[in-house]
Amino acid sequence: MGVLGVLTAGGDCPGLNAVIRGVVARCEERGKEVVGILNGWEGLLEDRTVMLDRDKVRGILGRGGTILGTSRMDPYVHGDGLASCQETLSRNGIDQVIVIGGDGTLRSAMELASEGLEIVGVPKTIDNDICGTDITFGFHTAVQIATDAVDRLATTAEAHNRIIIVEVMGRTRGWIATFAGLAGGADYILIPEVAYDINHVVDVLRSRHRSGHRYSIVVVAEGIAPPAGYESARTKKDAFGFDRLGGVGYPVAAAIEDLTQFETRVTVLGHVQRGGTPVASDRVLASRLGVTAADFALDGLTNVMVGVRGTEMMPVPLSEATAETRGVPDNLYAIAQTFFG
Ligand code: F6P
């Protein structure tokens, strides 16, 4: 029997270590050796690995980051696919790989699987936007961090009679914004899935201020377009070709301040949403995903990821998982809208 490789690629996410721990524990139970591939695909391209066993993964359940390291290197961008991974695979006797990654990583995993490598994916992103699964680990931790920030910003906004724009991550989807906005009682939430009219935002804030509440919190997803006539400085792309986001809160604040004359400030939460210890529900979810991914691999499944459907975990073809990203449904946003102003 060969060795199972496990890697974490793309942006980090709270719960990665819990997944790795789950994979190793289940493989040990079922008698399969595990090797950790370091720094994502880079370790597969450059033969950087470490043997993993139960002892090596003790004490990591609640630790943020990833003990294996990660990178945005890609076997098809920085190598020629499976051929460039072959040396590492053969030298370590790896016959199966568990890939813990977001949509860019899972797309590369699917291509490698179509070239013949046995792969099981684990969906990973704080953005919660992967198709074929109801939830991704790390999301609830990011939402909790963003909600704590909204709560704190509300008290200082109130003390100073200010509007505060809280910009959260989520790339092209508004899951973190919608959840943190709902949980934090935001007065308006802007997400990429729903076109907005800045004049409507301003009307809602003005009427709130007229009724005696002289501060407001607006949660903005990083992926929204800036208001017409206001620029957002987005120029760079990451290794997967995605726009490097961040900063759209500033043009939103400028427009609101110009139109209302209310003092408007911006807080961009950024990577704090991905750092630190995962909340309990993410530790549980990540552990279940790790154990289930190991089971799927050892049962001979390939070219699938572990999807969560209700209370069950099931194999989802990587083609389905990577076809598009999953947006916030209209009815959920409508519930958040009920509380605007
Ligand atoms: O996909 C997760 C995510 O945190 C996004 O929300 C964000 O836009 C992006 O990664 C940031 O990536 P990086 O760490 O490369 O700046």
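Counting starts at 1 for both ligands and their atoms, following the listed order.
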List, one per line, each side-chain donor-acceptor pair under 3.5 Å for residues 143-152, sequence neighbours excluded.
{"unit_1": "Q144", "atom_1": "NE2", "unit_2": "D148", "atom_2": "OD1", "d": "3.1"}
{"unit_1": "T147", "atom_1": "OG1", "unit_2": "V143", "atom_2": "O", "d": "2.6"}

- [ ] Under the salt bridge (Lys or Arg N to Asp or Glu O under 4.0 Å) rule, collect the residues that match up with R309, sequence neighbours excluded.
- [x] E320

Open item on the list: Quick check on E87: does its CD atom have over 12 non-hydrogen neighbours (other residues, nucleotides or ligands) under 6.0 Å away?
Closed with: no

Task: Check: Y215 ring centroid to H160 ring centroid under 6.0 Å - done: no

TODO: Write out all pairs satisfying ring pair (Phe, Tyr, Trp, His ring centres under 6.0 Å) with one or both partners inside residues 103-140, taking only residues at least two apart or from two chains.
DONE: F139-F179

Open item on the list: Looking at R210 and D203, is there a salt bridge between them, counting it only when a charged N and a carboxylate O are closer than 4.0 Å?
Closed with: no

Open item on the list: Strictly under 4.0 angstrom, heavy-atom based: which residues surround ligand 1?
Closed with: R72, T125, I126, D127, M169, G170, R171, E222, H271, R274

